[in-house]
Structure formats: C-alpha cells, structure tokens
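This report concerns only the one structure given below.
Just so it is clear: chains get the letters A, B, ... in the order the sequence lines come, proteins before strands, and each one is counted from 1.
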2 protein chains.
Amino acid sequence: MARTQGSHSDITGPRIRKAALRLFSRRGYAAVSMRQIAAEVGVQAGALYNYTPDKQSLLFRLMQEHMQELLNSAAELPATENAIEALKQFVGFHIRFHLQRPDEVFIAYMELRNLTPENFAEIEALRRNYEDTLEGIFKQGQVEGLFTVTDSKIATLAVIAMLNGVMTWYRTEGRLTLDAVEQIYWDMVRRSVTR
Amino acid sequence: MARTQGSHSDITGPRIRKAALRLFSRRGYAAVSMRQIAAEVGVQAGALYNYTPDKQSLLFRLMQEHMQELLNSAAELPATENAIEALKQFVGFHIRFHLQRPDEVFIAYMELRNLTPENFAEIEALRRNYEDTLEGIFKQGQVEGLFTVTDSKIATLAVIAMLNGVMTWYRTEGRLTLDAVEQIYWDMVRRSVTR
DNA sequence: AACTTATCTGAACAATCGTTCAAATAGAAC
DNA sequence: GTTCTATTTGAACGATTGTTCAGATAAGTT
C-alpha cells in the first residue's frame, strides 16, 4: 500500500489538527505520541510529516490560531457607552468564547511550558495583548470615575482568573443555562470593581 | 561501586521527593524521566525504587501530602464571629498558604490527569473537602443574611478561581507586599458577595 | 490512455522510557 | 573485628519515542 483512497491534504490536514487538539487536551502534549495522533486520523505516523515539520510546530500552530481568533473576535466587539457597559460586554464575550472552545483554551494554558522559548514568547505576547483589552476598560473606567479599582493590572488578572474558573465546572447539560451563568458572573464582577 | 558514602534513607527519600516536586512542577510529570530525577539527587535511576514502587506513586504521594496539609491547616483556623470574618480569614489563609508552596499547588492542579483513576478519585475527594469549607462559609453567610450570593457552589468556585489567579503573577520581589495583595483581593471578594 | 504530481505506507533509525535485579559496598550492631 | 543489613550501582530488559525516506499508489492533468 502507499497512497490511500480518498487521500487529500485539504481533508487530512484539518483532521490531524483536530485529533492533536483532542489528544493534547485530554492527555497532555508530552504524553501523546505522533503514532497516537496518526491512529486517530486513521493514517501512519509518517504521513503526519506532510502536514507539520515536527510535533512542536503542531502544538504551536494550534495555540497560535486559537489566540489569534480570540484577539480577532475581541476586536470586533461593538463600541459601548461607558466602561461599565464595556466590562459587561467583555465578561459575556469571554465566557461564551471560552466555553465554546474548551480544548483550545485548555491547551493554550496547560501546554505553555512545552513550547520552545521562541514559540512561548510569541504566544505570550498574544495573551498579553488580550489582557490589555480588559485592562484598557479598567483604565477607561478609572478616568470616568466608575470603578473602585486602584490597580488596573491586578483587577485584570483577578477578573480573568475568576472567569476562567467557569471552564472547570460548567457543562452544557448542567442545571444552569449559559445566560444564567453569564448573569451570575457579571453580578460578581460588577460588584467587585464598583461600589 | 555499590552502596555509596553517606547513603541514608532518611536523607535520600526526602531529596527524591524534593527533586521530583521541582522537576514535575517545571516540566510536567510526563516530560520528566526517572533518570532526570535521579540525576538531580546525584544517584542512579535504580536507587529511586527503594523509595517508591513506581513513578505514579511518587506523583501521588506528593499530591496527597500537599492536599492533606492544606486540609489540616484550614481546619486549624480559629473560630470567627460571623461569616464575613470567616471569609476574610479564609481569603488570607488561602493566598498565603498557596503562595508559600507554588510547586505543590501547580502540580496538584496540572497533574491531575496523569493520576490513575483510583488515585485521581482520592485527590479529588480531598479537593472537594477543601472547597466544602469555603462553601460552608457562604451557606452560613446566607443564613445570617450577610451575602448576596444565591448559589453558594458557584460562589465558592468563582472565589477560589480568582484567588488562585494570584499565583500566576505574584512574585516576592515585586512591588507589592503580601499584605497589600491580601487586602486588594479581600476587597474584591468582599464586594463581589455583599452589597 | 499516458503521464505527472500529491499523498501515504512501512520499515528503519538512534535515543530514551520505566523498571528489575544480582553484585558490591557502606553503615550499624555486637 | 566480624557479621548482618541497608543502600546503591550498573547493566540489562522490552517497549516506545520523534523523525526520515525510498517505494508504492491514488488523484489530477493532458
């Protein structure tokens, strides 16, 4: 056997990334072998190297695409009246975006240490970029006199940490709707930064 | 060569766990080999098996001891006047305890998926146990009419997530003292659950 | 139908993995 | 000083790792 029936790079490429995403997310980058990824796709390990120069690049691409999409989506949020409205919008966006992509989010955080220093620096820059959008809201709110926040950087990190916590427990089939979760968290966030 | 000078199980045992803790925390359980741990201790890989039946047990013991110490320490907190005082005390305790043990905390979260199902269940039970102490505070506060919290479980998870966020950025040599950090987070937590 | 190109196989590579164990030697006990 | 025991070495085991590549075959082009 050699080339198989129905083989096509437009199909195999995405399937490889999808399989890698799934496996990396569940077992971790270091614990997943190229052969396991290949098996999930239904292909031999050697075939993967038509789509990625190496395992590291496969991980990096998954993380980079995710972060890029996060930034692009955040940039498309409509303008708001004031910082409180902006914060509310951000909370809703963040929760929804992340709950829709549990695997990507998990990897983007857990596998940072498995990136080469160069790749790490690039992903880290994207992450900072995203944090800056939230910090910008806090700074604007300080100017407008709407927040009790004294340290916008800490507030940013604290709020993002709290929101990320949703991912550890929320399940679609659970007792709470997405709207309800959003409301609960918005209440807590709003109270934590206003009086 | 065989037994080496100064060899003693009272010394080697703890050194192995310390080395494993360090390496697991920095590179991840799956990415660390028994030979790397042994090298850090200054011993051959085979010697490790006098102190652990296998790699998995080494990880499990580190996590179990950490969680047990967390629970014991939390149990020793003095009684308080009301739920708000209890919450304040908990916030301070949680931040300090965790900032003192960055490696243990990191492992206890990141390496959960590398535990066998049985070991995972045990660690998970300890974690739930700890969460219950915080949830108990919220429930008590609801009874006392001190909190705006409607869902004590979600409030528990949200607050713990927010507090854990400290670990991602706080450094002793930074511009903020531990007291200042504690104060900032207590302000946010207090506001988020009261009116 | 003939030819070119894209895709995959299957075997092989050296390196590394967790773990076992007989042999060797240091420390402890008498 | 002799004996006993605790501790470590060092080699070995089979399994698995990421990666390469010549050869084979399907898809695409003419």
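Scored by the salt bridge (charged side-chain N to carboxylate O under 4.0 Å, His left out) test, A/D151 finds B/R175 as partners (sequence neighbours excluded). Residues meeting the salt bridge (charged side-chain N to carboxylate O under 4.0 Å, His left out) test with B/E144, sequence neighbours left out: none. A/F147 pairs by the ring pair (Phe, Tyr, Trp, His ring centres under 6.0 Å) definition with A/F138, not counting sequence neighbours. Applying the salt bridge (charged side-chain N to carboxylate O under 4.0 Å, His left out) test to A/K139 and every residue at least two apart in sequence or in another chain returns A/E135. Under the rule for a side-chain contact (heavy atoms from CB on, under 4.5 Å), the partners of A/A86 that lie at least two apart in sequence or sit in another chain are A/T80, A/I137. With sequence neighbours excluded, the residues satisfying ring pair (Phe, Tyr, Trp, His ring centres under 6.0 Å) with B/F24 are B/Y29. Legend: residues meeting salt bridge (charged side-chain N to carboxylate O under 4.0 Å, His left out) with A/E65, ordered by chain and number and at least two apart, are A/R61.
Applying a 4.0 Å cut-off to non-hydrogen atoms, the residues of residues 26-49 of chain B that approach DNA chain D are B/R35, B/V43, B/Q44, B/G46, B/A47, listed by residue number. Taken residue by residue, residues 13-24 of chain A places no heavy atom nearer than 4.0 Å to DNA chain D.
Heavy-atom nearest nucleotides on DNA chain C were determined for A/T12 and for B/Q5, and the one closer to the 5' end corresponds to A/T12.
Rounded to a whole Å, the CD atom of A/Q56 is 18 Å from the P atom of D/dT17. In this structure, the CD1 atom of B/I11 is 13 Å from the C1' atom of C/dA26, given to the nearest Å. To the nearest angstrom, P of C/dG18 lies 13 Å from CG of B/L59. Atom CG of B/N50 is separated from atom C1' of C/dG18 by 15 Å (rounded to the nearest Å).
Applying the side chain to side chain donor-acceptor pair (under 3.5 Å) rule to pairs touching residues 179-195 of chain A yields A/R96-A/D179, A/R96-A/E182, A/W169-A/Y185, A/Q183-A/D187, A/D187-A/R190, A/R191-B/T148, sequence neighbours excluded.
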B/F90 vs B/F97, ring-ring contact (aromatic ring centres under 6.0 Å, His included): CA-CA, chis, key distance, verdict | CA-CA 10 Å; B/F90 182 91; B/F97 187 92; over 10 Å; no
In a table with atom names and distances, give each donor-acceptor pair under 3.5 Å that connects a side chain of residues 36-46 of chain A to protein atoms at least two apart or in another chain.
{"residue": "A/Q36", "atom": "OE1", "partner": "A/R27", "partner atom": "NH1", "Å": "3.4"}
{"residue": "A/Q36", "atom": "OE1", "partner": "A/S33", "partner atom": "N", "Å": "3.2"}
{"residue": "A/E40", "atom": "OE2", "partner": "A/R22", "partner atom": "NE", "Å": "2.6"}

Under 3.5 Å between N/O atoms: give me all the protein pairs with nucleotides 3-5 of chain D, atom names plus distance.
none

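Of the N and O atoms on the side chains of A/E69 and A/N72, not one donor lies less than 3.5 Å from an acceptor on the other residue.
In this structure, A/Y51 reaches the C/dC8 phosphate: one of its side-chain N or O atoms is under 4.0 Å from OP1 or OP2.
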